[in-house]
Amino acid sequence: DTGVSQDPRHKITKRGQNVTFRCDPISEHNRLYWYRQTLGQGPEFLTYFQNEAQLEKSRLLSDRFSAERPKGSFSTLEIQRTEQGDSAMYLCASSYGTGHQPQHFGDGTRLSIL
Amino acid sequence: GQNIDQPTEMTATEGAIVQINCTYQTSGFNGLFWYQQHAGEAPTFLSYNVLDGLEEKGRFSSFLSRSKGYSYLLLKELQMKDSASYLCAVRPYYNRRGQNFVFGPGTRLSVLP
């Protein structure tokens, strides 16, 4: 068990550019979540996958954001036409199966928009 | 709507006991989780409550009262490494669609020598 891994750890880009982040969950976990966290705040839910199906999407997620989990393993989060307000830490988490299992988080990707 | 409140900051002394409170108002309830987050790192799971009462795990305990929408995390024998943010998270639903957590703003705890 190597934990949840996210890539890259840091991304700096100019406003208007597209960015893509990757998350590799813990291998036996079928559920995958994306959150956004800004300084001094708790994580905010963005979207959730069970296997390859995207089952829930926050109203916070504008149409510039899209997430995929094509084979039910790794996931990508893409932000198109980035804006200053997109600067945040993007956290991925995974969990397994039924019952009241905790979510296990990756170290996140810190996005800075210039 | 969903609303979770925690104190913003707390300070305590090494070796002491500290209680971090969390109150919540959510459209449903299916479990409350506490996470620890050191600056620049991932949140790590500490404890879980779904029924009323106290759950103890080493130096950490967590309490839940569903009727009051209230939980606390108790940290005993504080160590310097306990300086971190503590996040309270509620899972409002448990069904195929609703699996997300709603997080509070976090309480930043500073442990002083």
Side-chain angles (χ1 to χ4, degrees), chain A residues 1-6 9-10 23-26 29-51 53-61 67 69 88-110 112, chain B residues 1-9 20 22 24 26-51 55 57 60 62 64 73 84-109:
Chain A
D1 177 0
T2 56
V4 178
S5 104
Q6 292 188 245
R9 290 295 310 276
H10 304 275
C23 171
D24 287 88
I26 293 171
H29 286 185
N30 59 342
R31 297 190 172 125
L32 187 147
Y33 315 79
W34 285 98
Y35 291 85
R36 178 170 63 191
Q37 187 176 26
T38 53
L39 201 61
Q41 299 298 316
E44 277 182 305
F45 170 75
L46 294 177
T47 190
Y48 152 65
F49 290 85
Q50 182 164 303
N51 300 313
Q54 188 174 20
L55 296 186
E56 193 169 355
K57 203 170 163 179
S58 164
R59 290 187 208 103
L60 297 173
L61 217 62
R69 194 182 183 198
M89 176 75 86
Y90 289 84
L91 292 166
C92 176
S94 68
S95 69
Y96 174 72
T98 59
H100 303 282
Q101 302 298 323
Q103 296 178 13
H104 298 268
F105 284 83
D107 283 337
T109 294
R110 181 167 295 285
S112 299
Chain B
Q2 326 277 26
N3 189 47
I4 300 181
D5 284 320
Q6 301 179 237
T8 306
E9 291 189 32
I20 302 174
C22 170
Y24 63 89
T26 55
S27 50
F29 180 84
N30 217 292
L32 187 145
F33 296 77
W34 283 95
Y35 282 81
Q36 179 191 61
Q37 187 176 28
H38 287 98
E41 296 183 12
T44 53
F45 169 71
L46 290 178
S47 72
Y48 166 68
N49 297 72
V50 67
L51 299 176
E55 294 283 340
K57 199 188 266 191
F60 295 78
S62 57
L64 175 67
L73 180 70
S85 284
Y86 291 84
L87 300 164
C88 171
V90 172
R91 183 167 57 199
Y93 316 105
Y94 187 71
N95 55 45
R96 186 169 179 266
R97 288 190 59 78
Q99 291 290 334
N100 60 292
F101 288 2
V102 179
F103 279 87
T107 297
R108 189 162 64 245
L109 174 66

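Per chain, numbering begins at 1; letters A, B, ... match sequence-line order.
- Neither the backbone nor the side chain of A/Arg110 comes within contact range of chain B, judged by heavy atoms closer than 4.5 Å.
- Ranked by non-hydrogen atom pairs under 4.5 Å with chain B, the options A/His104, A/Gln37, A/Glu44 are led by A/Gln37.
- Here the CD atom belonging to A/Gln101 is positioned 9.0 Å from the OH atom belonging to B/Tyr48, to the nearest 0.5 angstrom.
- If you tally non-hydrogen atom pairs under 4.5 Å between each of B/Ala39, B/Gly31, B/Pro43, B/Gly104 and chain A, the highest count goes to B/Pro43.
- Considering all non-hydrogen atoms of both residues, B/Ala42 and A/Gly106 come closest at CB-O, 2.9 Å.
- Between A/Tyr35 and B/Phe101, the closest heavy-atom pair is OH-N, 3.2 Å.
- Residues B/Leu87 and A/Gly42 come closest through the heavy atom pair CD2-CA, 4.0 Å.
- If you measure heavy-atom distances from B/Gln37 to chain A, the contacts under 4.5 Å come from the side chain alone.
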